[in-house]
Number of protein chains: 2
Amino acid sequence: MKIGELARRCGLTAHTLRYYERIGLLPYADRDAGQQRDYDASILVWIEFLHRLKTTGMPIRDMLRYAKLRGTGDATNGERRLLLETHRVAVAARIASLQDSLSVLDAKIAGYGEAEQGLSTHAPVIETESGRPLRARTARAR
Amino acid sequence: MKIGELARRCGLTAHTLRYYERIGLLPYADRDAGQQRDYDASILVWIEFLHRLKTTGMPIRDMLRYAKLRGTGDATNGERRLLLETHRVAVAARIASLQDSLSVLDAKIAGYGEAEQGLSTHAPVIETESGRPLRARTARAR
DNA sequence: GCTTGACTTGGAGCGCACTCGAAGGGGTAG
DNA sequence: CTACCCCTTCGAGTGCGCTCCAAGTCAAGC
């Protein structure tokens, strides 16, 4: 399979596939007689998994760590598992946080709903959230 | 309240607060005699809400739309509500997708667990996911 | 009066993850 | 032989969301 077809089948551009190879996310592809990449269909499974990691918020540098472990054989299974478990925890936390936000959003939307029905005066909708302090800024290195 | 204290209290840097004002996410702050920003504590509620929108994945340009509507009074309540409802749908979808990924991750981790216990041969862990086609690339404008 | 520290502005720089363009080569159809 | 299309590499450009710097102002404390 040439890069164009792979691109069509995985939903990435040929440019992106080459970029992934360049940075090491994809293994160096075999070249045919004319120096063109010739892919095995099995690469699709790996690309799909990468996509999964990406959409769950894993930065490329972490995917790279996983990709490199994967490239060095079964001896690294333990480490790879650890990496995934860590990521799993992060994803679960993200879900919890989003669910929390969803109820805040719902409350706010309900506020607008009431305002429309005149159940409140023309006073602006109250911008209220649980009073938790928000700490976005973590330790500043450097 | 001066910008430094606000920064401490909301967890953003003074740099970021000025940047937000510059692009219109925060209303233009009153200046004191010495041209320094003097904030009212009520701004914290708005900043906290912005933070909520941000962590739920809303891009700045959309927050900007909301901020501008907010700045033009109650007449825009309906539009603001619509914006939030649209966002709510996106957040719910994101949660569903993450939960889906979570189970993929769990399956994969379980695979590594089995491998460690020797329940499978030394064959590599199977990188399998539901066979859904993955379509990351949307219509390419331009 | 002088130092210190927090503030001001405008603009440059950064990290991420692509995204694209230029210039050229390969192989097949007509 | 000539189109034509897909491929190659290298390197520059893009959009986002900050992040930081330089040069200067101002108020308070010693």
Side-chain angles (χ1 to χ4, degrees), chain A residues 1-26 28-40 43 47 49-67 90 134-142, chain B residues 1-40 43 47 50-67 90 134-142:
Chain A
M1 191 187 345
K2 292 208 270 183
I3 200 169
E5 193 191 340
L6 180 59
R8 244 167 283 120
R9 286 173 60 173
C10 76
L12 299 171
T13 65
H15 278 304
T16 301
L17 289 170
R18 285 191 212 100
Y19 164 71
Y20 279 1
E21 180 183 300
R22 204 159 69 224
I23 65 172
L25 264 193
L26 294 181
Y28 185 84
D30 293 340
R31 305 301 205 262
D32 67 12
Q35 291 308 101
Q36 301 192 352
R37 289 172 184 79
D38 185 15
Y39 292 99
D40 186 289
I43 196 71
I47 291 173
F49 186 64
L50 283 178
H51 178 73
R52 185 69 71 167
L53 293 180
K54 192 176 69 134
T55 59
T56 48
M58 185 184 280
I60 281 197
R61 83 186 87 85
D62 291 359
M63 291 192 241
L64 226 42
R65 284 219 304 131
Y66 189 89
L134 78 151
R135 305 251 88 233
R137 189 163 146 221
T138 43
R140 321 232 311 103
R142 218 178 150 196
Chain B
M1 189 186 349
K2 292 209 269 181
I3 200 168
E5 193 190 339
L6 179 59
R8 245 167 283 121
R9 285 172 62 172
C10 76
L12 301 171
T13 66
H15 279 306
T16 302
L17 289 170
R18 284 191 212 101
Y19 164 70
Y20 278 4
E21 180 182 300
R22 205 157 70 224
I23 64 173
L25 264 194
L26 293 181
Y28 185 82
D30 293 339
R31 306 302 206 260
D32 67 12
Q35 292 307 101
Q36 299 193 353
R37 290 171 183 79
D38 185 15
Y39 292 98
D40 187 290
I43 196 72
I47 292 172
L50 283 179
H51 178 74
R52 185 69 70 168
L53 293 180
K54 191 177 70 137
T55 60
T56 48
M58 184 183 282
I60 281 196
R61 84 187 85 87
D62 291 0
M63 292 192 241
L64 226 44
R65 284 220 305 133
Y66 189 90
L134 78 151
R135 304 249 90 232
R137 188 160 147 225
T138 43
R140 321 233 312 101
R142 218 179 148 193

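Keep in mind the model is a prediction, meaning the values are calculated, not measured.
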Return the polar atom pairs (N/O with N/O) between nucleotides 1-7 of chain C and the protein under 3.5 Å, or none.
| residue | atom | partner | partner atom | Å |
| --- | --- | --- | --- | --- |
| C:dC7 | OP1 | B:Gly4 | N | 2.7 |

Pick the nucleotide of DNA chain D nearest each of B:Pro59 and B:Ala33; which residue has the one closer to the 5' end?
B:Pro59
Any side-chain heavy atom of B:Asp62 within less than 4.5 Å of one from B:Leu53?
no
Taking Watson-Crick and G-U wobble contacts under 3.5 angstrom, with | marking pairs to another strand and [ ] crossing pairs, the secondary structure of DNA chain D is written ||||||||||||||||||||||||||||||
What heavy-atom pair brings A:Leu50 and A:Leu26 nearest, and what distance separates the two atoms?
CD1-CD2, 3.9 Å
Is there a side-chain contact between B:Ile43 and B:Pro27, using heavy atoms and a 4.5 Å cut-off?
yes
Can you name the nearest heavy-atom pair linking A:Thr56 to A:Arg52, along with the distance?
OG1-O, 2.8 Å
Determine the minimum heavy-atom distance between B:Cys10 and B:Ile47, stating which atoms define it.
CB-CG2, 3.9 Å
Heavy-atom neighbours of A:Asp32 CG exceed 12 at 6.0 Å
yes
Atom CD of B:Glu21 and atom P of D:dG17: how far apart are they, to the nearest Å?
19 Å
Euclidean distance, atom CG of residue A:Leu12 to atom P of C:dA17 [Å, nearest integer]
14 Å
Taking atom C1' of C:dC18 as reference, at what distance in whole Å does atom NE2 of A:His51 sit?
15 Å
Nearest whole angstrom, please: distance from the C1' of D:dT14 to the OH of A:Tyr19.
13 Å
Of D:dC18, C:dG21, C:dC16, the nucleotide closest to the side chain of B:Thr16 is D:dC18
OP1 or OP2 of C:dA17 under 4.0 Å from side-chain N/O of A:Tyr20
no
C:dT8, OP1 or OP2 - any side-chain N/O from B:Arg22 closer than 4.0 Å?
no
I need the NE2-C1' distance between A:His15 and D:dC6, as an integer number of Å.
12 Å
Heavy-atom closest pair (A:Glu21 atom, A:Tyr28 atom, distance to 0.1 Å) is OE2-CD1, 3.5 Å
CG of B:Leu50 versus C1' of D:dG17: gap in Å, rounded?
14 Å
A:Met1 CE to D:dC7 P: how many Å, rounded?
12 Å
Within the side chain of B:Asp38, is there an N or O that forms a donor-acceptor pair under 3.5 Å with the backbone of B:Arg31?
no
What is the distance from CG of A:Asp32 to P of D:dT8, rounded to the nearest Å?
8 Å
Does the side chain of B:Tyr20 come within less than 4.5 Å of B:Leu12's, by heavy atoms?
yes
